Amino acid sequence: MSSFRLKLPTEELERSIKVKEKLESSFLLKKLLLGLVLFGTSMFISNGVITPAMSVLSAVSGLKVGIPNASQDIVVMISVALLVILYSVQRYATSKMGFAIGPSLLIWFCCLGGIGIYNLSTYGPAAFKAFNPLYIIYYFGRNPFQAWLSLAGCLLCATGSEAIFANLCYFPVRYVQSMFVLLVLPCLILAYLGQAAFLIANQNSSEQIFFSSIPSGVFWPVFLIANLAALIASRTMTTAIFQCLKQSIALGCFPRLKIIHTSRKFMAKIFIPVVNWFLLVSCLGFILLFRNIYDVGNAYAIAELGVMIMATVYVAIIMLLIWETNIVKVLSFVITFLTLELVFFSSALSSVGDGGWALLIFASVLLMVMFIWNYGCKLKYDSEVKKKLSKDLMRKLGPNLGTIRAPGLGLVYSEIVKGVPAIFGHFLTALPAIHSIIVFVCIRNVPVPVVPQSERFLFQRVCSRGYHMFRCIARYGYKDKKQEHHGIFERLLIEGLEKFIQREAVELSLQSEDDVDSDEEPPTPARTIIAANGSLYSLDVPLLAEFVPSAEVIPEASCSTPQHDPVVDYTQNLELELAFIRQAKQSGAVYLIDNPIVKARKDSWFFKKLIINYFFAFLRNNCRRAIVSMSIPHSNLMQADTDQMIHNPVTLY
């Protein structure tokens with residue numbers, strides 16, 4: 001695609017290519033990398049569930065300082081009510097309440113800094129001694145075991161601030177980094193220094209230090225702002241989960257769900273109803289299960305550290321493959337951060353029995369769902385590739401395909417990107433006629449943010465010209481909106497098909513002239529991609545800047561120099577074929593879709609039968625079909641019912 005850039009060979013580039021080839025050639029390393037990615041995603045979603053519970057419950061717990069007689073049950077009830085309201089308006093919050101977030105957070109951070117300055121001026125600057133690293137050595141020297149156990153709690157002082165990076169889909173990276181360094185970090189340091197000064201002067205206080213250190217005259221305004229900031233942080237994490245799951249769905253790592261775009265201006269503002277209510281139920285479950293911030297805090301620490309460790313691993317891989325960073329810097333980064341995070345994580349694991357177990361179970365369930373979906377989809381795709389129709393069979397059927405060719409455009413949807421899908425054979429035997437033009441449409445999600453509209457479709461001719469059969473691969477980035485109207489999709493597809501045929505005719509005429517004028521041997525044609533805008537992209541140079549397309553998507557869709565019939569007048573032949581396409585367009589388009597039953601073989605091992613026949617079947621029957629995102633009228637839709645048309649269900653090997 002036009003976003004790809006060639007890079008000059010360097011030592012770092014050669015190293016990154018070798019690492020990538022090693023990863024792609026090793027089955028064990030690929031599975032390990034997939035497992036790390038799925039585990040990190042499950043920990044991130046778990047973090048997004050426990051963050052609202054921790055934030056809101058801790059903010060509402062300040063009520064005990066303002067009203068000493070308030071019981072924990074009242075705190076839990078208020079927290080539950082706030083979370084229900086938050087998730088109920090989440091759909092509208094993504095587009096209509098964003099204007100209040102910036103000012104609210106600015107006031108909140110200013111309150112943190114102001115309260116810290118007040119406590120430092122009131123109780124003295126003794127807290128500044130904490131910047132002396134010798135005190136941590138003295139602390140561990142007095143009681144090493146208790147100091148090690150307290151590391152997980154100390155880490156909570158630094159967690160939560162990373163939620164601002166969830167807004168990278170709305171603001172530039174530099175803007176977020178600048179606000180973090182200039183506003184967030186100074187206010188947090190002042191807040192914790194003020195609390196330390198308060199503790200030095202009031203050593204008997206051990207609970208609700210922040211709310212206890214607030215001056216009495218401004219307690220209730222700060223209490224309200226703290227609860228508002230907790231709701232904003234919860235909303236930010238929920239929005240980040242929506243974005244993460246949207247990309248996971250696009251990459252085939254999560255069951256397909258309904259995604260609603262809440263803004264016409266900003267593509268990143270989305271809402272997933274099922275996930276929203278699932279997060280609400282899970283969050284309320286954590287609060288009602290533990291009912292105090294200590295057990296919830298233990299689960300929160302495990303979630304945060306799990307995300308941090310996985311992020312370090314991911315960044316190290318990105319530094320090797322994408323950024324091509326010097327190997328010394330990569331090792332320094334991994335050793336430094338991973339060592340610190342593992343030390344903190346070992347401390348957090350000591351509290352597994354006090355709340356951490358629930359989060360680990362929750363993350364394991366999410367991991368199992370994602371693994372089963374990815375595993376089942378891969379086996380289903382492999383089975384469809386094995387069962388595709390052979391070219392010899394198509395040649396025996398001839399241009400009429402052994403049936404009557406009626407005017408019209410038939411769009412056969414399939415997941416395979418090469419060959420004729422087996423479902424097409426069922427359509428040939430079950431239908432009295434087939435359309436005059438057949439286009440095998442395959443929707444592919446490529447790991448780039450956005451695919452330009454002019455480069456959306458890749459075309460290839462299937463069999464010879466007389467068959468009037470084409471392959472079309474519709475490419476979407478993980479930020480592209482797929483909810484296109486069927487009329488727009490058909491128009492763009494036909495326009496791309498016409499441009500492809502015109503380009504093909506020009507290439508054939510040029511090749512014919514070269515054959516006449518030159519006595520030399522023609523060079524071997526390079527493997528190229530022909531996009532709908534007429535651009536040619538060579539596949540002989542794999543050095544791409546941001547993404548190297550896998551062999552599953554691009555090479556299969558590539559259009560090598562087409563096989564063509566010996567035609568003398570290419571211009572006349574082009575006009576005839578374009579007229580034929582326009583006539584088929586006027587007759588209308590029909591979408592031919594299959595819905596096969598997916599089952600494991602009878603001689604498969606027990607766990608494979610359990611995963612495919614029950615778990616994967618349940619997920620597939622309760623998720624959205626890929627074609628549902630396009631508003632296709634029922635009069636234009638023909639679906640192969642497995643009970644009627646597919647007598648033998650698909651068997652996975």
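All values below were derived from every heavy atom in this structure, side-chain atoms included, with hydrogens, water molecules and symmetry-related copies excluded. Starting from 1, each residue takes its place in the sequence as its number. Treat the numbers as computed from the prediction; the structure is a model and nothing was measured.
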Between [X] and [Y] (side chain of the first, backbone of the second, donor and acceptor by atom type, cut-off under 3.5 Å), is there such a pair?
X: Arg15; Y: Asn326; answer: no
X: Gln72; Y: Arg291; answer: yes
X: Thr339; Y: Thr336; answer: no
X: Asn276; Y: Ile272; answer: no
X: Asn292; Y: Asp295; answer: yes
X: Ser55; Y: Pro52; answer: no
X: Asn374; Y: Met370; answer: no
X: Ser350; Y: Ser347; answer: yes
X: Ser79; Y: Val75; answer: yes

Do Tyr135 and Tyr139 have their ring centres less than 6.0 Å from each other? no

Least distance between heavy atoms, [X] atom then [Y] atom:
X: Ser46; Y: Phe362; answer: OG-CD2, 3.3 Å
X: Leu280; Y: Leu83; answer: CD1-O, 3.7 Å
X: Ala147; Y: Ser150; answer: O-OG, 2.7 Å
X: Gly306; Y: Met43; answer: CA-CE, 3.8 Å
X: Gln208; Y: Ser61; answer: NE2-CB, 3.2 Å
X: Thr51; Y: Tyr300; answer: OG1-CE1, 3.4 Å

[Y] and [X], any side-chain heavy atoms less than 4.5 Å apart:
X: Ile225; Y: Cys111; answer: yes
X: Thr325; Y: Leu320; answer: no
X: Leu619; Y: Ile372; answer: yes
X: Tyr123; Y: Leu199; answer: no
X: Leu228; Y: Leu224; answer: no
X: Phe271; Y: Thr239; answer: no
X: Tyr476; Y: Val451; answer: no
X: Phe198; Y: Ile115; answer: no

Could you measure the distance from the [atom1] atom of [X] to the [atom2] atom of [Y]? Nearest 0.5 Å is fine.
X: Ile50; Y: Met54; atom1: CD1; atom2: CE; value: 8.5 Å
X: Tyr87; Y: Leu284; atom1: OH; atom2: CG; value: 8.5 Å
X: Ile309; Y: Leu338; atom1: CD1; atom2: CG; value: 6.5 Å
X: Leu23; Y: Leu321; atom1: CG; atom2: CG; value: 6.0 Å
X: Leu112; Y: Tyr192; atom1: CG; atom2: OH; value: 8.5 Å
X: Arg142; Y: Ile137; atom1: CZ; atom2: CD1; value: 12.0 Å

Please determine whether side chain to side chain contact (heavy atoms under 4.5 Å, CB included) holds for the pair Trp373 and Cys253, giving the CA-CA distance in whole Å, both sets of side-chain angles, and the decisive distance to 0.1 Å. CA-CA 7 Å; Trp373 180 259; Cys253 295; over 6 Å; no

Without hydrogens or angle criteria, can the side chains of Glu341 and Thr312 be said to hold a donor-acceptor pair below 3.5 Å? yes

[atom1] ([X]) with more than 12 external heavy atoms under 6.0 Å:
X: Met368; atom1: CE; result: yes
X: Tyr375; atom1: OH; result: yes
X: Tyr314; atom1: OH; result: yes

Residues Glu24 and Lys20 bridged, charged N to O under 4.0 Å: yes

Trp357 and Phe290 aromatic ring geometry - parallel, tilted or perpendicular at 30°/60° bounds: perpendicular

Report the C-alpha distance between Phe223 and Ile214 in whole Å, list the side-chain angles of each, state the deciding distance to 0.1 Å, and finish with yes or no for side chain to side chain contact (heavy atoms under 4.5 Å, CB included). CA-CA 9 Å; Phe223 173 78; Ile214 298 175; over 6 Å; no

Test side chain to side chain contact (heavy atoms under 4.5 Å, CB included) on Lys329 and Phe333 and set out the steps. CA-CA 6 Å; Lys329 295 181 180 179; Phe333 168 81; over 6 Å; no

Given Tyr294 and Asp354, is the side chain to side chain contact (heavy atoms under 4.5 Å, CB included) satisfied, shown in steps? CA-CA 8 Å; Tyr294 301 105; Asp354 298 325; over 6 Å; no

